[in-house]
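I have placed the structure first, in the form of structure tokens, so that the comments after it can refer back to it.
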There are 2 protein chains.
Amino acid sequence: MAQKPVKETTGERVLRVATELFAEKGYEATGVEELSKSTGLGRGALYYHIKNKQQLLLNIALRLLENANREARRILASGGTAEERLHRMAEHLLTDLSTNRSAWITSMRDWQALDEPYRTHVGHLRNEYEQYWQALFDEGAEAGLFHPVHPMQRRAIVGMFTTSYRWIEPSGSLSPKQISELYVSLFLDGLRKRPSEQA
Amino acid sequence: MAQKPVKETTGERVLRVATELFAEKGYEATGVEELSKSTGLGRGALYYHIKNKQQLLLNIALRLLENANREARRILASGGTAEERLHRMAEHLLTDLSTNRSAWITSMRDWQALDEPYRTHVGHLRNEYEQYWQALFDEGAEAGLFHPVHPMQRRAIVGMFTTSYRWIEPSGSLSPKQISELYVSLFLDGLRKRPSEQA
DNA sequence: TACCCAGTGTACCGATCGGTAGGTCCACGA
DNA sequence: TCGTGGACCTACCGATCGGTACACTGGGTA
């Protein structure tokens with residue numbers, strides 16, 4: 001495989017520009033006219049490539065979540081202890097959050113703008129993603145490594161990661177891997193000093 | 001003080017209904033006409049009580065954050081160890097999240113719809129709130145109780161709490177206090193079993 | 001040359017947007 | 001009894017919304 005075609009199709013370009021616009025101003029606040037101007041396409045040309053505005057939002061969310069679930073399954077099935085895979089899971093999420101920040105912002109913040117049944121479908125994909133984390137925690141607990149994780153704690157942990165779209169910046173001083181390690185050590189080892197660690 | 005007036009003013013009612021509407025459908029997606037119908041007020045009457053739509057959003061966020069900061073200062077200055085106050089801080093946040101869920105949803109999700117300088121102002125109030133948590137962590141670290149907390153970890157912890165508006169329900173089986181304890185034990189003690197705890 | 005059709009721009013659609021003008025109603029005080 | 005002002009409603013504003021109709025262009029093909 002020498003090199004995939006460098007040029008993105010017009011449809012892909014529209015989706016990319018829409019992702020950035022939605023992330024910046026919000027889905028509802030972004031007009032089709034603005035998308036038209038930002039892509040350099042007229043209204044008619046725009047609608048030649050997309051079905052409607054809502055499909056753009058749906059595609060952004062679907063692409064993001066389906067990819068996340070695919071990768072989560074891959075990591076879950078990969079070798080190593082539950083803790084090792086947990087680190088991988090965390091690093092991958094932070095990396096994805098950093099590289100696809102706009103799509104994460106839009107998916108997390110504006111998914112309620114979706115009509116049924118898309119909205120429910122997206123919700124299911126999110127639940128599915130959370131279950132992969134839960135599976136890892138359960139594995140760790142069964143192996144005697146972790147304390148059992150309450151579902152509400154699992155939601156908090158995953159939420160802690162995903163809500164990072166608020167401040168993550170690809171140009172930040174810490175790499176996604178470093179940040180993920182900061183997070184994992186937080187909920188794995190905790191902040192409290194052991195008696196043996198006291199100064 | 002026998003009893004505060006039971007009846008809310010029309011202005012307060014408008015703000016309350018707007019909070020619920022914004023939370024349910026999103027700020028941009030909620031029309032003034034819908035707010036008019038839900039309050040039972042005509043358009044003219046509505047604008048007699050409010051300046052414009054955006055001021056509603058601003059007031060929702062200001063009321064929430066100013067109250068949160070006031071309470072945080074109070075707890076920070078109250079007695080006890082850093083850990084004790086941390087538990088109080090967490091419980092208070094979860095309780096507030098549970099009782100004022102609609103306002104939290106709107107403030108967290110739609111604050112970007114605010115024009116400058118309001119947007120920046122709200123951002124500052126949020127930073128202020130985070131600093132009260134940071135102060136508690138710093139106190140605990142200085143007392144030799146906690147490991148030093150990286151700012152990114154502090155954001156993650158506070159984010160873990162605030163992002164709970166997504167699934168918190170006042171009628172849930174766990175009380176805000178119970179949930180807050182679940183969270184605090186998570187980042188204070190961690191999930192990992194100590195060697196002495198191994199089965 | 002004649003045709004075709006993917007891709008595009010322009011002009012326009014009805015609906016709805018946030019907001020306002022101007023009048024009505026009524027409780028209250030002089 | 002009249003005037004005043006708070007609270008309210010109806011009718012309307014220009015702007016913008018998402019979406020469509022339709023004509024046109026240009027490169028490839030028969």
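Just so it is clear: chains get the letters A, B, ... in the order the sequence lines come, proteins before strands, and each one is counted from 1. The analysis underlying the following values was restricted to heavy atoms, covering all of them including side chains, and did not include hydrogens, waters or symmetry mates. Because the structure is a prediction, the values reported are computed rather than measured.
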Whole angstrom is fine here: how far is it from [atom1] in [X] over to [atom2] in [N]?
{"X": "B:Leu46", "N": "D:dA11", "atom1": "CG", "atom2": "C1'", "value": "16 Å"}
{"X": "B:Gln55", "N": "C:dG18", "atom1": "CD", "atom2": "P", "value": "15 Å"}
{"X": "B:Arg43", "N": "C:dG19", "atom1": "CZ", "atom2": "P", "value": "9 Å"}
{"X": "A:Lys53", "N": "C:dA15", "atom1": "NZ", "atom2": "C1'", "value": "15 Å"}
{"X": "B:His49", "N": "C:dT20", "atom1": "NE2", "atom2": "C1'", "value": "16 Å"}
{"X": "A:Asp115", "N": "D:dG19", "atom1": "CG", "atom2": "P", "value": "10 Å"}
{"X": "A:Lys37", "N": "D:dG18", "atom1": "NZ", "atom2": "P", "value": "12 Å"}

**OP:** Describe the nucleic acid contact of B:Gly40 in one word from base, sugar-phosphate, nothing, applying a heavy-atom distance below 4.0 Å.
**Re:**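 Result for B:Gly40 = sugar-phosphate.
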
**OP:** Remember a base hit wins even if backbone is also touched, and classify B:Thr30 as base, sugar-phosphate or nothing at under 4.0 Å, heavy atoms.
**Re:**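 B:Thr30: backbone/sugar contact only, no base atoms under 4.0 Å.
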
Original post:
How do B:Glu28 and A:Gly44 order along DNA chain C: which one's closest nucleotide is nearer the 5' end?
Top reply: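 The answer here is A:Gly44.
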
Any idea which of [options] is nearest the [X] side chain?
{"X": "B:Ala45", "options": "D:dC8, D:dG18, C:dG19", "result": "D:dC8"}
{"X": "A:Asn52", "options": "D:dG19, C:dC17, C:dG19", "result": "D:dG19"}
{"X": "B:Val32", "options": "C:dT8, D:dC17, C:dG18", "result": "C:dG18"}
{"X": "A:Tyr48", "options": "D:dT20, C:dA6, C:dT20", "result": "C:dA6"}

Original post:
What do you reckon, is OH of B:Tyr118 surrounded by more than 12 foreign heavy atoms closer than 6.0 Å?
Top reply: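 Atom OH in B:Tyr118 is not crowded, with 12 or fewer foreign heavy atoms closer than 6.0 Å.
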
**OP:** Indicate the ring-plane relationship of B:Phe187 and B:Phe161, choosing parallel, tilted or perpendicular according to the 30° and 60° boundaries.
**Re:**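 Because their plane-to-plane angle is over 60°, the rings of B:Phe187 and B:Phe161 count as perpendicular.
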
**OP:** Specify the closest pair of heavy atoms between B:Glu28 and A:Ala29, including all atoms of both residues, with the distance to one decimal.
**Re:**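 Here B:Glu28 and A:Ala29 meet closest at OE2-CB, 3.6 Å.
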
Original post:
A:Thr120 and A:Glu116: side-chain donor and acceptor closer than 3.5 Å?
Top reply: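 Indeed, the side chains of A:Thr120 and A:Glu116 share at least one donor-acceptor pair under 3.5 Å.
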
